[in-house]
Amino acid sequence: MKISNQNYTSETFSHIYIEKDALYYPLTNKITSKLNKSKIVYIDNYNEIFSRKNQNPFLQKLSPSLILAVNKGDFIYKGSTLCHNFEQQNFYYTNFVVNCLLDCDYCYLKGMNFSSNILFFVNLSDYFHELSRLLNVIKERPERGQGKLYLSISYDSDILLFEGIYPFLKEWIEFAEANPQITIEIRTKTSNYKKFLNYSPLENLIITWSISPKEVIAKYEKNTPSLERRLMAISQLLEKGWKVNLALDPILYIGENWRDTYKEFLNLLSVNINLKKINAITLGVFRIPVEYLKRFKKFFKSPISFFPYDTVNGVSSYPEELKSKMIEFVSSELEKIYDKRNIYIV
Amino acid sequence: MLYIISAMGIEARAIIKYLDLKKTTDRPFETYQNEEVHLVISGVGKINVAGATSYLLKDTLRGLNHSDYVINLGICGSLNNKFNVGDLVLVNKVVDYERKRKYYTDILVKHNLKEGSIQSIDILNRNYEFEEDLVDMESSAFFEIASKFLFVHQIYVVKIVSDKVSKNQPLERLTKKYIDELIYDKLEEIFSFAKLVSSLLKLFQPILQQQDEEIIEKVSKSLKLTFSQTKQLENGYAYFKSNKRINPLFLEEYFNYIPKSKKERDAIFEDLKSKLYQ
Ligand code: SF4
């Protein structure tokens, strides 16, 4: 899992910071025995490391540490208005892994968190308890969202990167199987599809692949799998009957010939995957809370940080005119190859 | 620039010789330097080291300090069997024993040094709990003050174990010669680690360097830009540089351009901006 080819930066997870309370969880042992070369440092609370103010998340990306902690706060959050809720009233998200080893220039996590270190919460069972409680509440009030709950479990990370050291997939699949009134969404840019082949496809588990034109991947999505590999993973799972969504999000302004780039990209999609089998597609242009953008400017050297965005209600994005042009163009091109009713615009 | 803080003159002696540092001042702290290294002898204890750290790092708050780093270098006691006398230890956790505060370096470089934790205490000759691997009288205050100036990956505590501490046993008296040799033996390792840190720090340079700031200021002055326009110019400059990976040299055209009216200035500025965002 080495992400830097600089021979003087240490390996990914050369250090593991462990909360003393996390030591009582079997998962902690499992993880540390897999990463047995790492140096271990004991901490009282993950914020001692994760939320220190004077860190440089840009450099930490070269050699991220791992933090093992017990989540004692909130487990499930109401979905943000910056994301799409598929017309679900009960749209929630949760995070048992925070931060990502991939390195997208536009990733809001870089603006949100003070650190690029990876945080694992090892008390997954508490999440399931809380979810069961929430499901009961919703069941008693069916007028709200027909008693259903939509939960995204990989908002604050690309969790499929970590399945090898934090085996969460089995537990979530079992939970989804036992609780048909919940729909679980996993978002990813990885090409890790093989783990899913160990299970039968579930009606209420959706894998959403974020995909972008090749140029965008090359310029702005460091360390991520190529578009071909992502499309290959998608078509494998579609063939096995898994529910797959696509997120064309964020659509980026990549210079004056953005139209050609996106047109070619959509063409590539229709050639490489059976779009008819895709469950839904979301579209959205780049948008970010203005406070996060300030941190981008302080640390990151990507043009994404310095574009002259407009800020409305604390959220920065392309000026309205450009934004509508981009959305209109991409959605109308997409409608030529995919059922309009399943396109959602964020 | 590498900054070094040592508590005692005897700890610094070998370093001064090894790096060929010249004495620059006696007060408020004894200070030595060459072109790349500044060293201060703080005196023993947290108050002394806090004062000396501020004194040493005061200039880093001005100007560009991304490649600066600071090391608290000296001897310490070992509280358990993890470390032996003579061991060189890169500290990964510093605990202030009295105030129960904790500090963590960001160790991003690949290195072969041993790592351990240290507790800093106010007075050595009383009973205290052995909570960490090592003990000294300075590193927590050093870390707390240094992190007011620098990022955590720029702050290091490097200690050499001079003696094993056991409960209720009187402390050994260490001779000057002994300390000098202990440190001398480890200098090569210490400074190859320092070199690694320095290479890593060079990786992070902010997008706008000093010469960029100068260009922005010149354009802003000659065009009589408002505060908000200057900020926009800075942003546009950074966009151009990050996007095209070259500097917007065409800005030199504006160095001696004096607009006749605000209207003209605004028009020129809009034109300039559109070139930056092309
Ligand atoms: S894959 Fe997602 S979470 Fe990871 S860096 Fe990219 S945008 Fe962020």
Side-chain angles (χ1 to χ4, degrees), chain A residues 2 4 6-12 14-17 38-50 52-65 67 105 114-117 219-220 253-256 293-294 296-309 319 322, chain B residues 66 90-93 95 100-111 113-117 131-132 146-155 192-193 195-208 231-232 234-245 273-274 276-278:
Chain A
K2 182 136 178 68
S4 162
Q6 304 288 347
N7 53 12
Y8 44 82
T9 53
S10 55
E11 306 284 323
T12 298
S14 63
H15 290 74
I16 308 180
Y17 295 88
S38 307
K39 298 211 166 75
I40 290 179
V41 184
Y42 296 104
I43 54 177
D44 291 330
N45 182 299
Y46 71 88
N47 282 315
E48 290 170 32
I49 295 290
F50 194 73
R52 289 177 295 176
K53 288 213 176 72
N54 45 352
Q55 309 183 64
N56 183 324
F58 175 90
L59 278 179
Q60 282 173 341
K61 272 276 172 195
L62 299 174
S63 170
S65 296
I67 304 168
D105 286 6
F114 288 133
S115 165
S116 294
N117 292 327
K219 200 167 173 193
Y220 301 115
Y253 177 77
I254 41 172
E256 274 163 7
L293 190 63
K294 276 191 198 151
F296 273 38
K297 289 186 193 205
K298 191 166 160 199
F299 291 109
F300 303 108
K301 294 185 203 173
S302 164
I304 301 262
S305 312
F306 304 105
F307 191 90
Y309 302 105
L322 177 60
Chain B
H66 300 281
L90 173 61
V91 173
N92 55 26
K93 175 183 186 181
V95 177
K100 301 291 168 218
R101 292 237 185 137
K102 301 186 176 81
Y103 309 91
Y104 303 87
T105 309
D106 237 344
I107 301 172
L108 304 174
V109 288
K110 195 196 261 173
H111 66 85
L113 306 182
K114 291 183 177 169
E115 286 187 28
S117 64
E131 292 172 352
E132 308 297 331
S147 50
K148 295 196 188 297
F149 293 86
L150 300 171
F151 288 103
V152 276
H153 67 275
Q154 295 170 289
I155 307 169
S192 37
F193 170 73
K195 245 190 215 145
L196 289 175
V197 174
S198 162
S199 324
L200 175 81
L201 293 175
K202 291 205 176 93
L203 275 186
F204 181 74
Q205 293 306 324
I207 188 103
L208 296 184
K231 287 275 151 217
Q232 290 175 47
E234 250 175 41
N235 197 69
Y237 191 109
Y239 180 82
F240 187 97
K241 192 172 171 182
S242 58
N243 197 29
K244 302 249 176 12
R245 292 171 198 228
K273 252 185 10 186
S274 68
L276 287 173
Y277 287 114
Q278 242 166 31

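Residue numbers start from 1 in every chain, and the chains themselves are labelled A, B, ... in the order their sequence lines are given, proteins ahead of strands. For the numbers below, each heavy atom of this structure counts, side chains included, while hydrogens, waters and symmetry mates do not. This structure is a prediction, so every number in the text was calculated from the model and none was measured.
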### Query
To the nearest 0.5 Å, how far apart are CZ in B/Phe240 and CZ in A/Phe306?
14.5 Å
#### Entry: Non-neighbouring partners of A/Tyr253 that pass side chain to side chain donor-acceptor pair (under 3.5 Å), sequence neighbours left out
none
### Query
In Å, rounded to the nearest 0.5 Å, how long is the span from CG of B/Leu108 to OG of A/Ser14?
8.0 Å
### Query
Can you tell me how far the CD atom of A/Glu48 sits from the CZ atom of B/Arg101, to the nearest 0.5 Å?
12.0 Å
### Query
Which atoms of A/Phe299 come close to chain B, meaning under 4.5 Å heavy atom to heavy atom: side chain ones, backbone ones, both, or neither?
both
### Summary
chain A shares the most heavy-atom pairs under 4.5 Å, among B/Asn235, B/Leu196, B/Ile207, with B/Asn235
#### Entry: Spatial distance of atom OG1 (A/Thr9) from atom CD1 (B/Ile107) [nearest 0.5 Å]
14.0 Å
### Query
Checking heavy atoms, do the side chain of A/Leu59, its backbone, both or neither come under 4.5 Å from chain B?
both
### Message
Tell me whether B/Lys100 at atom NZ has more than 12 heavy atoms from other residues, nucleotides or ligands lying less than 6.0 Å away.
### Response
yes
#### Entry: Which atoms of A/Lys301 approach chain B - backbone, side chain, both or neither, heavy atom under 4.5 Å
both
### Task
Can you tell which part of A/Ile43 gets under 4.5 Å to a heavy atom of chain B, answering side chain, backbone, both or neither?
both
## Note on the structure
What one should report as the nearest heavy-atom pair of A/Ser302 and B/Ser242 is C-OG, 3.7 Å
### Polar contact flag, side-chain donor to acceptor under 3.5 angstrom, B/Lys102-A/Asn45
no
### Task
Evaluate the side-chain contact (heavy atoms from CB on, under 4.5 Å) criterion for residues A/Asn56 and B/Asp106: first the C-alpha distance (whole Å), next the side-chain angles of each, then the deciding distance (0.1 Å), finally the verdict.
CA-CA 9 Å; A/Asn56 183 324; B/Asp106 237 344; over 6 Å; no
### Query
What part of B/Leu276 lies closer than 4.5 angstrom to a heavy atom of chain A: side chain, backbone, both or neither?
neither
### Residue part contacting chain B, namely of A/Lys53, when any heavy atom lies under 4.5 Å
neither
### Summary
For A/Tyr42 and B/Lys93 the tightest heavy-atom approach is O-NZ, 2.8 Å
### Summary
Residues passing the side-chain contact (heavy atoms from CB on, under 4.5 Å) test with A/Asn54, sequence neighbours excluded, are A/Arg52, B/Ser147, B/Phe151, B/Val152
### Query
Looking only at side chains, do B/Glu115 and A/His15 share a donor and an acceptor under 3.5 Å apart?
yes
### Query
Checking B/Tyr104 against chain A: side chain, backbone, both or neither under 4.5 Å from a heavy atom?
both
### Over 12 foreign heavy atoms within 6.0 Å of NZ, B/Lys244
yes
### Query
So which part of A/Phe58 gets closer than 4.5 Å to some heavy atom of chain B, the side chain, the backbone, both or neither?
side chain
### Message
Quick one, B/His153 with A/Gln55, criterion side-chain contact (heavy atoms from CB on, under 4.5 Å). Give me CA distance, side-chain angles, the key distance, then yes/no.
### Response
CA-CA 7 Å; B/His153 67 275; A/Gln55 309 183 64; over 6 Å; no
### Message
Using 0.5 Å steps for rounding, measure from the CD1 atom of A/Ile40 to the CG atom of B/Asn92.
### Response
11.0 Å
